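Beneath this line is the structure, given in structure tokens, with notes to follow.
None of the values given here were measured: they were computed from a predicted structure.
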Amino acid sequence: MARHNREGEGTDQHGARYRISYQPDWLRQIKISRTLSGSNRQSTKTLFRNPASCAERSPGDRVRTRITSGDGKIDFEITVADRSRRVDQVVVTSRTADGKGEITFVIDGSLPGPGDLGKARRRRGR
């Protein structure tokens, strides 16, 4: 049986704080990218990393992730129904509050299971 969501926090490139509600046995990390004003360049930062190095249990058939900002300008939730457990990443792009740019959230799932931790480290070259 899947465990209940956990709560976490992160700060973006501008110091804005975000609250993250996440499934502890699925989510690995969330990265945030913003377009830089006056150019097409982007700034990317890891917003949140799951403190667990591997899943304790199966995440279940559905996982939910919610991201809210302290100022209320971002508040969304995604639900991934993945019975075969093959979804590794979800990308959400939002317009900024002033409409002059975009914010992209890259939500990486596929937290390794307890027996997969060694394989995941070898794959990433750690």
Report yes if some heavy atom in the side chain of Asp25 is under 4.5 Å from a heavy atom in the side chain of Glu56; otherwise report no.
yes
Can you pull the ring pair (Phe, Tyr, Trp, His ring centres under 6.0 Å) pairs that have at least one residue in residues 57-95, sequence neighbours excluded?
Phe76-Phe105
Atom CD of Gln29 and atom CG of Asn50: how far apart are they, to the nearest 0.5 Å?
10.0 Å
Rounded to the nearest 0.5 Å, what separates atom CD in Glu7 from atom CD1 in Ile20?
9.0 Å
As a test of understanding, state which of Ile32, Thr68, Ile30, Thr11 forms a side-chain contact (heavy atoms from CB on, under 4.5 Å) with Tyr18.
Ile32
Among Val90, Val80, Ile107, the one residue meeting side-chain contact (heavy atoms from CB on, under 4.5 Å) with Val63
Val80
Got a donor-acceptor contact below 3.5 angstrom from the Asp88 side chain to the Ser110 backbone?
no
If you look at every heavy atom in [X] and [Y], which pair is closest and at what distance?
{"X": "Pro51", "Y": "Tyr22", "result": "CD-OH, 3.7 Å"}
{"X": "Ser43", "Y": "Gln13", "result": "O-NE2, 2.6 Å"}
{"X": "Gly113", "Y": "Cys54", "result": "O-CB, 3.8 Å"}
{"X": "Arg3", "Y": "Gln23", "result": "O-NE2, 3.2 Å"}

Sequence-distant partners of Gln42, side-chain hydrogen bond (donor to acceptor under 3.5 Å, both in side chains), two or more places apart
none
Under the side-chain hydrogen bond (donor to acceptor under 3.5 Å, both in side chains) rule, collect the residues that match up with Arg6, sequence neighbours excluded.
none
Going by the rule side-chain contact (heavy atoms from CB on, under 4.5 Å), which residues pair with [X] if we only count those two or more places apart in sequence or in a different chain?
{"X": "Thr104", "value": "Ser33, Val91, Thr93, Val106"}
{"X": "Arg85", "value": "Ser58, Pro59, Asp61, Asp82"}
{"X": "Arg95", "value": "none"}

In terms of hydrophobic clusters joined by side-chain contacts under 4.5 Å, are Leu111 and Phe48 together?
no
Electrostatic pair Arg28:Asp108 at N-O distance under 4.0 angstrom
yes
When Thr96, Thr44, Asp12 are each screened for side-chain hydrogen bond (donor to acceptor under 3.5 Å, both in side chains) with Arg34, the one that passes is Asp12
Can you tell me if NE2 on His4 sees more than 12 non-hydrogen neighbours from other groups inside 6.0 Å?
no
Counting only heavy atoms from other residues, nucleotides and ligands, does the tally under 6.0 Å from NZ of Lys73 exceed 12?
no
